[in-house]
Amino acid sequence: MADPLPGIGHNNGPSMDEGRAWRVHAWTRAKAQAQEKLPVEIVRMRLRRAAELGMSYRAYAAIRASAGRDPAALVFSSNALGLHVGSSLRPEVHDRIAGLRACLRIGLLTAPLDPVALTEALPLDRLYRAPGPHARWPVLRETMARVQEGRPAAAFVLVGAAPGEAEWAAAGKLGAYLPAEAYFTV
């Protein structure tokens, strides 16, 4: 008699019968062989690029692996910058963003912050209005397409801090989402 089919909720994971240890060994070995082995010069170049982008090498490498390319633009939400009505950027955040090299620096400002009024005050190359809270997917997608200005979405990394901002990156098919605390604590 044949084994019964798995029931509802079964994830078709590996069986626990004989040969499991060998399958785990084979999987581990194949995974190790698939990992990229880079020459030292490439690693040094990527370390310098991570420093130019103001992020850790670990975050940079993860973004390159998931996006398949080097980030060309960093998009900061006003929440990630700690920017609210009547406040200004903390000096360390201002200096960190002003020190970024070889990338486009973009700000997404939540209402009632005004991108036009803050153009001169922020060390960003472009400022846009962020989608409203609980915005629908098409609005998120349209907003992120406007931010991209025709550039490849995978080249953009969104740095955010508020709940729901990771959805902006997903809707725009951006290269990655990076929590502000991970970006600014390097």
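Predicted model, so just to flag it, every value in this text is computed and none were measured.
The CE atom of M55 sits 10.5 Å away from the CZ atom of F184 when rounded to the nearest 0.5 Å. To the nearest 0.5 Å, atoms CD1 (I106) and CZ (F156) are separated by 4.5 Å. Between the OG1 atom in T110 and the CD atom in E165 there is a gap of 8.0 Å [rounded to 0.5 Å]. For the atom pair CD1 of I42 and CG of L47, the computed distance is 11.5 Å after rounding to the nearest 0.5 Å. Taking OG of S66 as the reference point, atom CG of L174 lies at 11.0 Å (rounded to 0.5 Å). Rounded to the nearest 0.5 angstrom, L124 CG and H94 NE2 are separated by 8.5 Å.
Linking Ile, Leu, Val, Met, Phe, Trp and Tyr residues whenever their side-chain heavy atoms come within less than 4.5 Å leaves V147 and L100 in two separate clusters. Linking Ile, Leu, Val, Met, Phe, Trp and Tyr residues whenever their side-chain heavy atoms come within less than 4.5 Å places L89 and L127 in a single cluster. With hydrophobic clusters built from ILVMFWY side chains whose heavy atoms lie under 4.5 angstrom apart, L108 does not share a cluster with V93. Using a 4.5 Å cut-off between side-chain heavy atoms of Ile, Leu, Val, Met, Phe, Trp and Tyr, with links allowed through other members, L104 and L109 fall into different hydrophobic clusters.
Side-chain atoms of V85 and L113, non-hydrogen and from C-beta on, do get closer than 4.5 Å to each other. Contact check for E167 versus Y177: no side-chain heavy atoms found under the 4.5 Å cut-off. Between W168 and V75, the closest side-chain pair of non-hydrogen atoms is not below 4.5 Å.
Looking only at distances, no side-chain donor or acceptor of R46 sits under 3.5 Å from a matching main-chain atom of A61. Within the 3.5 Å criterion, the main-chain N or O of V139 finds a donor-acceptor partner in the side chain of T143.
P131 approaches A135 most closely through the heavy-atom pair CB-CB, 4.0 Å. Counting all heavy atoms, side chain and backbone alike, A182 lies closest to L178 at CB-CD1, 4.4 Å. Heavy-atom minimum distance, G82 versus S87: O-OG, 4.0 Å. Between A153 and K173, the closest heavy-atom pair is CB-O, 3.2 Å. A pairwise comparison of heavy atoms in S77 and G160 identifies OG-CA, 3.6 Å as the closest pair. When all heavy atoms are compared, the tightest approach of I97 to P123 is CG2-O, 3.4 Å.
Partners of R49 under the side-chain contact (heavy atoms from CB on, under 4.5 Å) rule, at least two apart in sequence or in another chain, are E52, L53, Y60, D70, A102, C103. Under the side chain to side chain donor-acceptor pair (under 3.5 Å) criterion, E149 pairs with R126, Y128, R151, not counting sequence neighbours.
Open room surrounds CZ on R44; 12 or fewer heavy atoms of other groups in view lie less than 6.0 Å from it.
Listed by first and then second residue, the salt bridge (Lys or Arg N to Asp or Glu O under 4.0 Å) pairs that reach into residues 97-109 are R105-D125, sequence neighbours excluded.
Just one of L158, L122, L81 meets the side chain to side chain contact (heavy atoms under 4.5 Å, CB included) condition when paired with F76; it is L81.
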